[in-house]
Q: 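My structure is below; once you've seen it, I'll send some questions.
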Amino acid sequence: MLEKNDMNNSKIAVVSCWFGQAPWYFHYFLHSCRFNPTIDFYIITDLNLGPYQERDSENVKFVKSSLNEIKKIATKKLGFEVQLNSAYKLCDFKPTYGLLFSDILNDYDFWAHADIDIIYGDLRNFLTEEILNKYDVISSRHDYITGSFCLFRNSTVINELFSRSKDYVEVFTNQKNYCFDECNFLFKELENNASILDFNENIQSMTHVVKKEELAGKINAFFDFVIIEGTPGNIIWNSGKLYYKSEFEAMYYHLIKFKVTHRPKSIPVPIPNKFAFTQNELIFDI
């Protein structure tokens with residue numbers, strides 16, 4: 001568990017991209033963003049923003065764009081024609097956000113790429129000044145770089161870290177998805193304590209890059225398991241705090257599996273300030 005520090009001097013921005021119809025959990029995602037008022041959340045999207053902007057808050061900022069516009073920006077800033085023809089392929093480009101969206105992120109000390117199938121807890125309780133002062137890259141898992149949320153120091157060296165992969169041009173010029181933002185699909189191997197540096201025949205993903213640069217003493221990286229994944233149940237979100245079994249505090253709940261098994265019949269308006277996740281459903285009478 002990261003140590004708490006009440007000083008929030010470092011400016012943090014979190015960038016999420018979403019194109020297409022808003023999923024049911026988008027309302028909960030936004031609600032949890034608003035309970036982290038010292039962090040700015042940028043949502044780059046082609047959504048009809050009307051109903052969301054009406055409930056906008058100072059730290060949630062919508063940026064109207066399209067996938068094609070991001071493709072043009074990436075082609076210009078990377079210096080070669082990229083392949084970006086689907087929202088899923090955008091996952092490979094997450095590590096480039098510090099470069100692609102530098103106009104948005106210029107005034108921040110740190111930036112993160114993040115998904116929207118997330119319910120945030122108290123981010124500053126984990127991203128403390130002590131941790132931020134020490135580390136350049138902060139992952140939400142202990143075994144690989146997390147695509148769902150990963151924090152980077154906003155510096156030229158770190159913003160161009162992706163280019164330390166020998167394969168980055170191939171990744172960005174091919175329509176295939178390489179899971180470049182994480183570990184080139186080596187999830188099971190890394191979960192079983194393998195070293196990603198032993199898989200040199202694979203595409204060098206961001207986990208490979210970060211581990212390699214860390215080993216060379218060029219950057220400092222933090223890896224810890226501070227999130228909830230899967231469908232364990234016993235999860236409570238209460239006014240910006242997220243707990244598992246009413247005992248363990250988590251940084252966020254990644255809904256990657258829950259969103260598949262759960263389909264709400266309706267969404268309460270407004271979203272309540274306390275709700276719970278069982279293995280299969282959201283409940284509010286707690």
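Keep in mind that what you see is a predicted model, and the values were worked out from it rather than measured. Each residue takes its place number in the sequence, starting with 1.
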Q: Begin from the C-alpha positions of Leu282 and Trp24 and carry the test side chain to side chain contact (heavy atoms under 4.5 Å, CB included) through to its verdict.
A: CA-CA 12 Å; Leu282 263 166; Trp24 66 264; 3.8 Å; yes

Q: Would you list the pairs meeting salt bridge (Lys or Arg N to Asp or Glu O under 4.0 Å) in which at least one residue belongs to residues 229-239, sequence neighbours left out?
A: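 Listed by first then second residue: Arg141-Glu229.
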
Q: Is any side-chain heavy atom of Ile227 closer than 4.5 Å to one of Phe149?
A: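 Sidechains of Ile227 and Phe149: no contact.
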
Q: Name all residues meeting the ring-ring contact (aromatic ring centres under 6.0 Å, His included) criterion together with Trp237; count only those two or more places apart in sequence or in a different chain, and write none if there are none.
A: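 Testing Trp237 for ring-ring contact (aromatic ring centres under 6.0 Å, His included), a comparison that skips the adjacent residues, returns His31, Phe35, Phe275.
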
Q: At their closest point, which heavy atom of Thr146 faces which heavy atom of Cys150, and how far apart are they?
A: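 Between these two residues, the closest heavy atoms are O-CB, 3.3 Å.
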
Q: Are Leu127 and Tyr135 close enough that some pair of their side-chain heavy atoms sits under 4.5 Å apart?
A: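 Side-chain contact under 4.5 Å: no.
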
Q: Determine, step by step, whether Ile70 and Cys17 satisfy the side chain to side chain contact (heavy atoms under 4.5 Å, CB included) criterion, reporting the C-alpha distance in whole Å, the side-chain angles of both residues, the deciding distance to 0.1 Å, and the verdict.
A: CA-CA 10 Å; Ile70 293 178; Cys17 295; 4.2 Å; yes

Q: Between the side chains of Tyr144 and Ser205, is a donor N or O closer than 3.5 angstrom to an acceptor N or O?
A: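 Per modelled atom types, Tyr144 and Ser205 side chains form no pair under 3.5 Å.
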
Q: Under the ring pair (Phe, Tyr, Trp, His ring centres under 6.0 Å) rule, what do Tyr120 and Phe41 come out as? Steps first, then yes or no, please.
A: CA-CA 12 Å; Tyr120 288 113; Phe41 297 86; 5.2 Å; yes

Q: Could you list the donor-acceptor pairs under 3.5 angstrom formed by side chains in residues 211-221, with sequence neighbours left out?
A:
{"from": "Lys212", "atom 1": "NZ", "to": "Arg164", "atom 2": "O", "distance (Å)": "3.2"}
{"from": "Asn220", "atom 1": "ND2", "to": "Lys134", "atom 2": "O", "distance (Å)": "3.3"}

Q: Are the side chains of Asp92 and Lys176 in touch, meaning some heavy atoms are under 4.5 Å apart?
A: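 Side-chain contact under 4.5 Å: no.
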
Q: Would you say Val137 and Leu186 are hydrophobically clustered, going by side-chain heavy atoms of ILVMFWY under 4.5 Å?
A: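 No, Val137 does not connect to Leu186 through the hydrophobic network.
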
Q: Under 3.5 Å, is there a donor on one side chain and an acceptor on the other for Tyr42 and Tyr97?
A: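 No, no side-chain donor-acceptor pair sits under 3.5 Å.
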
Q: Given side chain to side chain contact (heavy atoms under 4.5 Å, CB included), test Ile116 with Tyr25 step by step and report yes or no.
A: CA-CA 8 Å; Ile116 67 166; Tyr25 47 82; 4.1 Å; yes

Q: Ile235 and Phe225: same hydrophobic cluster, using ILVMFWY side-chain contacts below 4.5 Å?
A: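 Shared cluster, yes.
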
Q: Are Leu255 and Tyr28 close enough, and set up right, to give a side chain to side chain contact (heavy atoms under 4.5 Å, CB included), and what steps lead you there?
A: CA-CA 11 Å; Leu255 304 176; Tyr28 295 90; 6.0 Å; no

Q: Does the side chain of Lys77 come under 3.5 Å of the side chain of Ser102 through a donor N or O and an acceptor N or O?
A: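 Side chains of Lys77 and Ser102: pair found under 3.5 Å.
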
Q: Under 6.0 Å between the ring centres of Phe162 and Phe180?
A: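 Phe162 vs Phe180: aromatic centres not under 6.0 Å.
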
Q: Within a radius of less than 6.0 Å around NZ of Lys166, do more than 12 heavy atoms belonging to other residues, nucleotides or ligands occur?
A: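 Count over threshold, so yes.
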
